[in-house]
There are 2 protein chains.
Amino acid sequence: MLRISKLTDYATVILASLTAGVLTSAAEIAERTRIGLPTVSKLLKELQHAGLVDSVRGARGGYRLARAPALISAADIIDAVEGPVALTECAGDDGHCGIEATCQVGQRWQQVSLAIRSALAALSLDDLLTRTGQFDPPDLRQASAGTAWRPLVRS
Amino acid sequence: MLRISKLTDYATVILASLTAGVLTSAAEIAERTRIGLPTVSKLLKELQHAGLVDSVRGARGGYRLARAPALISAADIIDAVEGPVALTECAGDDGHCGIEATCQVGQRWQQVSLAIRSALAALSLDDLLTRTGQFDPPDLRQASAGTAWRPLVRS
DNA sequence: CCAATCAGGACTATCTTAGTACTATAAAGG
DNA sequence: CCTTTATAGTACTAAGATAGTCCTGATTGG
């Protein structure tokens with residue numbers, strides 16, 4: 001249930017392997033992480049599009065984090081790689097799902113989706129790397145509209 | 001990101017359409033929910049396997065909730081339909097993923113996975129049906145081992 | 001017995017995911 | 001100014017998951 005894709009996991013590993021401020025080539029990253037170079041390349045391009053890394057072209061070029069690890073959230077990474085797919089089909093952009101009329105739960109899944117999303121948005125790359133401590137099972141039953149989330153179109 | 005499958009959504013709608021204690025045939029449920037009969041049938045079988053509904057065979061047979069809606073959790077439904085798939089590949093049964101040696105984040109995703117899971121386990125079918133109120137963006141950064149979760153093999 | 005209804009599979013399109021390949025563009029450095 | 005080292009962009013393919021269908025067998029009420 002509720003999985004993130006392998007590529008998102010890779011992306012996290014890749015971001016984690018970058019030292020803040022230091023320019024690193026895709027080849028170097030591939031070597032460090034043991035993920036295939038073509039895959040690393042592809043992911044870095046997507047992360048660049050999403051603004052999570054900066055790129056420098058040409059000889060001696062490479063990639064580096066666009067901002068501090070504390071300012072990159074799990075949700076950012078997921079969005080960058082998977083696009084803002086929602087929990088249910090109807091929770092997407094202009095949510096319609098065929099059984100809308102008889103569906104009594106759509107709204108609710110949507111809210112659960114938003115809650116989980118907010119939680120992931122509050123979880124930084126730094127947090128992911130810190131080994132100590134664990135997670136609170138969050139309470140999904142109670143209120144708070146949460147940050148409105150504008151689904152963006154994946155290019 | 002982080003989606004549940006259409007079938008899980010359907011399953012929720014189906015469960016929601018059942019009146020506690022009342023026996024209802026698959027055909028009747030299909031009509032009520034406007035989901036195709038073969039699909040409804042298939043899902044009800046899975047829900048029966050998972051012990052979320054009871055079935056009665058033969059003429060005048062049908063399905064009914066195995067227990068009160070308050071005692072059926074979102075996690076139960078997801079497990080029943082999708083099986084206990086984990087957030088990352090490595091988070092599964094005997095988690096190995098090829099880049100294990102260099103992977104610094106696996107553990108953490110796993111904990112996030114468990115936290116979300118606990119949250120979904122605490123969310124009942126009743127909660128999903130209640131329209132009022134909204135959800136708290138849960139805090140995934142802080143501690144608590146949470147309920148250990150034994151992945152079961154899907155039959 | 002017969003009709004209604006669930007049980008259990010097997011099967012098939014379609015979509016998504018993961019991974020690859022190729023060409024173009026940019027910068028560094030002799 | 002040309003070669004080398006990189007990223008940018010995009011197209012493509014194979015494998016797997018998802019959604020949905022269909023058929024045959026078992027059970028029960030009337």
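Letters go in sequence order (proteins before strands), and every chain restarts at 1. Below, each value reflects all heavy atoms present in this structure, side chains not excepted, and no hydrogens, waters or symmetry copies.
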Subject >> Polar contact flag, side-chain donor to acceptor under 3.5 angstrom, B/Thr12-B/Asp9 >> reply: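 Looking only at side-chain atoms, B/Asp9 and B/Thr12 do not form any donor-acceptor pair under 3.5 Å.
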Nearest whole Å is fine: how far is [N] [atom2] from [X] [atom1]?
{"X": "B/Lys6", "N": "D/dA17", "atom1": "NZ", "atom2": "C1'", "value": "14 Å"}
{"X": "A/Glu82", "N": "C/dT16", "atom1": "CD", "atom2": "P", "value": "13 Å"}
{"X": "B/Leu7", "N": "C/dC15", "atom1": "CG", "atom2": "P", "value": "15 Å"}
{"X": "B/Leu43", "N": "C/dG8", "atom1": "CG", "atom2": "P", "value": "15 Å"}
{"X": "A/Ile4", "N": "C/dT17", "atom1": "CD1", "atom2": "P", "value": "13 Å"}
{"X": "B/Ile14", "N": "D/dA19", "atom1": "CD1", "atom2": "C1'", "value": "13 Å"}
{"X": "B/Glu46", "N": "D/dA19", "atom1": "CD", "atom2": "C1'", "value": "11 Å"}
{"X": "A/Lys42", "N": "D/dC12", "atom1": "NZ", "atom2": "P", "value": "14 Å"}

Original post:
For A/Ser5 and C/dT16, is the shortest distance between a side-chain N/O and OP1 or OP2 below 4.0 Å?
Top reply: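 Looking at the OP1 and OP2 atoms of C/dT16, neither is under 4.0 Å from any side-chain N or O of A/Ser5.
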**OP:** Would you indicate, yes or no, if C/dA18 has its OP1 or OP2 atom less than 4.0 angstrom from a side-chain nitrogen or oxygen of A/Tyr10?
**Re:**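 The answer is no; no side-chain N or O of A/Tyr10 sits under 4.0 Å from OP1 or OP2.
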Under the rule for side chain to side chain contact (heavy atoms under 4.5 Å, CB included), what residues qualify as partners of [X], not counting sequence neighbours?
{"X": "A/Arg67", "result": "A/Leu52, A/Leu71, A/Ile72, A/Asp76"}
{"X": "B/Thr24", "result": "B/Leu18, B/Val22, B/Glu28, B/Ile29, B/Arg32"}
{"X": "A/Thr39", "result": "A/Leu7, A/Tyr10, A/Ile35, A/Leu43"}

Contact list (N/O, under 3.5 angstrom) for nucleotides 5-9 of chain D vs protein:
| unit_1 | atom_1 | unit_2 | atom_2 | d |
| --- | --- | --- | --- | --- |
| D/dT5 | O2 | A/Ala59 | N | 3.0 |
| D/dA6 | O4' | A/Gly58 | O | 3.3 |
| D/dT7 | OP1 | A/Ala26 | N | 2.8 |
| D/dA8 | OP1 | A/Ser55 | OG | 2.5 |
| D/dA8 | OP2 | A/Tyr63 | OH | 2.7 |
| D/dA8 | O4' | A/Arg57 | NH2 | 2.5 |
| D/dG9 | OP2 | A/His49 | NE2 | 3.1 |
| D/dG9 | N7 | A/Lys45 | NZ | 3.1 |
| D/dG9 | O6 | A/Lys45 | NZ | 3.2 |

Original post:
Under the 4.5 Å side-chain heavy-atom rule for ILVMFWY, direct or indirect, which residues accompany A/Leu23?
Top reply: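 Same cluster as A/Leu23: A/Val56.
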Subject >> Any pair counted as salt bridge (Lys or Arg N to Asp or Glu O under 4.0 Å), so long as it reaches residues 12-25 of chain A, sequence neighbours left out >> reply: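 The answer is none; no pair qualifies.
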